[in-house]
Amino acid sequence: MGVKGFVEGGIASIIAGCTTHPLDLIKVRMQLQGETHAPNPNPNAAVQAVRPAYAAVHTTAARRVSIPLPPPPPPAARAGPISVGVRIIQQEGVAAMFSGVSATMLRQTLYSTTRMGLYDILKQKWTDPTTHNMPLPSKIIAGLIAGAIGAAVGNPADVAMVRMQADGRLPVAERRNYKSVVDAISRMGKQEGVTSLWRGSSLTINRAMLVTASQLASYDQIKETILGNGLMRDGLGTHVTASFAAGFVASVASNPVDVIKTRIMNMKVEAGAEPPYSGALDCALKTVRSEGPLALYKGFVPTISRQGPFTVVLFVTLEQVRKLLKDF
């Protein structure tokens with residue numbers, strides 16, 4: 001019975017991941033807007049960037065001469081999800097909306113199959129045999145455990161997916177141009193070391209714990225509440241309502257960690273150069289300082305736009321797969 005939960009969760013996750021992949025790609029591109037960690041070859045430019053426009057001073061033996069500097073250019077306007085999607089299609093083609101879909105499939109196969117299967121096993125063990133219900137705290141704990149293990153297993157595919165999705169926003173000369181998820185993982189291992197495949201793994205695990213605990217626990221809890229109060233019957237309407245609510249809860253809980261995870265996984269580390277971020281906390285602090293606290297919810301609209309449909313497709317498909325495999 002335990003294996004059956006892995007199969008059901010895996011099928012539902014792969015279908016949900018592939019159908020909502022374009023929305024996930026837009027979310028990643030939006031989360032990378034406004035990054036300011038590019039190395040500056042001119043050391044004086046960094047000094048000038050933090051001084052007022054008239055602060056550059058040239059000292060001579062005779063006198064002190066102030067040289068006015070032009071004001072810094074205004075920050076580029078941040079594009080919304082529709083603008084980002086249109087720009088991707090115009091600049092990279094329609095096929096670019098599915099950049100990294102092979103990595104998404106592998107990620108769902110490893111990460112989501114593991115977390116869904118483990119949650120199902122824990123749910124069976126911890127469900128009260130008399131009421132046939134599982135207390136909410138137990139659901140949350142089960143989600144935290146399943147999410148952590150699933151994320152550790154699927155992190156290499158997650159790193160590959162983020163890089164493949166973000167590649168199109170880089171200048172042509174700097175693009176990695178991975179041919180597939182296998183090529184991405186292989187090249188990362190050879191060029192950056194095997195440990196690069198688990199770059200940002202602590203963030204991935206934290207995010208997966210939040211997503212799994214909020215998504216799976218809230219779906220089960222909301223579904224039980226609807227059925228227990230006789231608001232709706234156990235059918236498609238109940239599944240869609242409970243799953244969309246679960247998607248909203250998961251989006252709110254996970255977006256800040258997702259922004260930081262995306263930036264750390266996507267950062268380019270040049271040989272002999274200091275990495276843009278030394279860790280998750282450093283990334284969070286630099287992001288907030290340079291872009292403000294709301295930057296941690298950058299990409300929230302596409303996140304909920306993707307997380308909502310993803311969660312709906314996930315659980316509706318899962319319920320149908322369970323019916324099909326009920327007799328097996």
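All values below come from the heavy atoms of this structure, side chains included, with hydrogens, waters and symmetry mates left out.
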*Give a yes or no answer on whether the side chain of K223 reaches the backbone of H239 with a donor-acceptor pair at less than 3.5 Å.*
no
*To the nearest 0.5 Å, tell me how far K4 NZ sits from K326 NZ.*
9.0 Å
_Looking at every heavy atom in both G237 and M232, which two are closest together, and how far apart are they?_
C-CE, 3.3 Å
_Cluster overlap V288 with V257, hydrophobic side-chain contacts below 4.5 Å_ = yes
*Where the side chain of S196 meets the backbone of G193, is there a donor-acceptor pair that is under 3.5 Å apart?*
yes
*Compare all side-chain heavy atoms of M116 with those of L314 and state whether any distance is below 4.5 angstrom.*
yes
_Expected output: side-chain Y297 to main-chain V252 donor-acceptor under 3.5 Å_ = yes
*Locate the shortest heavy-atom distance separating R163 from N266; write the atom from each residue and the value.*
CA-OD1, 4.3 Å
_Set out, in order, the CA-CA distance, both residues' side-chain angles and the distance that settles salt bridge (charged side-chain N to carboxylate O under 4.0 Å, His left out) for D220 and K139, then state yes or no._
CA-CA 8 Å; D220 282 344; K139 292 172 185 170; 5.7 Å; no
*So how far is it from I14 CD1 to R107 CZ, rounded to the nearest 0.5 Å?*
12.5 Å
_How long is the straight-line distance from OG of S180 back to CD1 of I185, given to the nearest 0.5 Å?_
8.5 Å
*Are L122 and L136 linked, directly or through other ILVMFWY residues, by side chains that come within less than 4.5 angstrom of each other?*
no
_Side-chain heavy atoms of Q215 within contact of F310, under 4.5 Å_ = yes
*asked:* Taking A16's backbone N and O only, do any of them form a donor-acceptor pair with T19's side chain (distance below 3.5 Å, no angle check)?
replied: yes
*Please report the closest heavy-atom contact between A146 and R115, naming both atoms and the distance.*
CB-O, 3.3 Å
*Is the shortest side-chain N to carboxylate O distance from K286 to E291 below 4.0 Å?*
no
*Taking atom CG of N133 and atom OG of S138, what is their separation to the nearest 0.5 Å?*
11.5 Å
*asked:* Given 3.5 Å as the limit, does a donor-acceptor pair link the side chain of T127 with the main chain of K123, or not?
replied: yes
*Could you tell me whether the side chain of R175 and the main chain of L170 form a donor-acceptor pair under 3.5 Å?*
yes
*Tell me, do R207 and L203 make a side-chain contact under 4.5 Å, heavy atoms counted?*
no
*Does any non-hydrogen side-chain atom of D128 lie less than 4.5 Å from one of H132?*
no
*asked:* Within the structure provided, determine whether R322 and D120 are in side-chain contact (heavy-atom separation under 4.5 Å).
replied: yes
*Of the options I264, V162, D158, N155, which is the one that meets R199 in a side-chain contact (heavy atoms from CB on, under 4.5 Å)?*
I264
_Short side-chain to backbone donor-acceptor contact, T238 and L227, under 3.5 Å_ = no
_Rounded distance (nearest 0.5 Å) linking atom OG of S254 with atom NZ of K261_ = 9.5 Å
*Between the main-chain N or O of N177 and the side-chain N or O of D167, is there a donor-acceptor pair closer than 3.5 Å?*
yes
_Is there a path of hydrophobic side-chain contacts, each under 4.5 Å between heavy atoms, that joins V182 and L197?_
yes
*Under 4.5 Å between any side-chain heavy atoms of Q108 and T113, yes or no?*
no
*Using a 4.5 Å cut-off on heavy atoms from C-beta on, say whether the side chain of V316 contacts that of L236.*
yes
*Atom CD in Q307, atom CG in D24: separation rounded to 0.5 Å?*
9.0 Å
*Does the pair L324 and Q320 meet the rule for a side chain to side chain contact (heavy atoms under 4.5 Å, CB included), with working shown?*
CA-CA 6 Å; L324 291 173; Q320 297 306 311; 5.5 Å; no
*What is the minimum heavy-atom distance between A246 and T311, and which atoms define it?*
CB-CG2, 4.2 Å
*What closest approach, in Å, do P135 and W126 show between heavy atoms, and which atom pair accounts for it?*
CD-O, 4.3 Å
*Group every Ile, Leu, Val, Met, Phe, Trp and Tyr by side-chain heavy-atom contacts under 4.5 Å, then state whether L32 and F300 land in the same group.*
no
_Set out, in order, the CA-CA distance, both residues' side-chain angles and the distance that settles side chain to side chain contact (heavy atoms under 4.5 Å, CB included) for M161 and V181, then state yes or no._
CA-CA 7 Å; M161 182 186 71; V181 63; over 6 Å; no
*Do E92 and M97 pass the side chain to side chain contact (heavy atoms under 4.5 Å, CB included) test, and can you show the C-alpha distance, the side-chain angles, and the key distance before you say yes or no?*
CA-CA 9 Å; E92 305 169 46; M97 296 298 292; over 6 Å; no
*Any chance CD1 of I82 has more than 12 other-residue heavy atoms, nucleotides or ligands included, within less than 6.0 Å?*
no
*Are L118 and Y111 connected in a single hydrophobic cluster, I mean Ile/Leu/Val/Met/Phe/Trp/Tyr linked by side-chain heavy atoms less than 4.5 Å apart?*
no
*Can you tell me if R29 uses its side chain to pair, donor with acceptor, with the backbone of P81 under 3.5 Å?*
no
_A side-chain contact here means heavy atoms from C-beta on lying under 4.5 Å apart; do M188 and R176 qualify?_
no
*Where the side chain of T114 meets the backbone of L110, is there a donor-acceptor pair that is under 3.5 Å apart?*
yes
*Worked check of side chain to side chain contact (heavy atoms under 4.5 Å, CB included) between L144 and T212*: CA-CA 6 Å; L144 292 172; T212 305; over 6 Å; no
*Is there a donor in the side chain of R187 and an acceptor in the side chain of Y178, or the other way round, less than 3.5 Å apart?*
no
*Check L318 against G9 and note the closest heavy-atom contact, atom names and distance.*
CD1-N, 3.9 Å
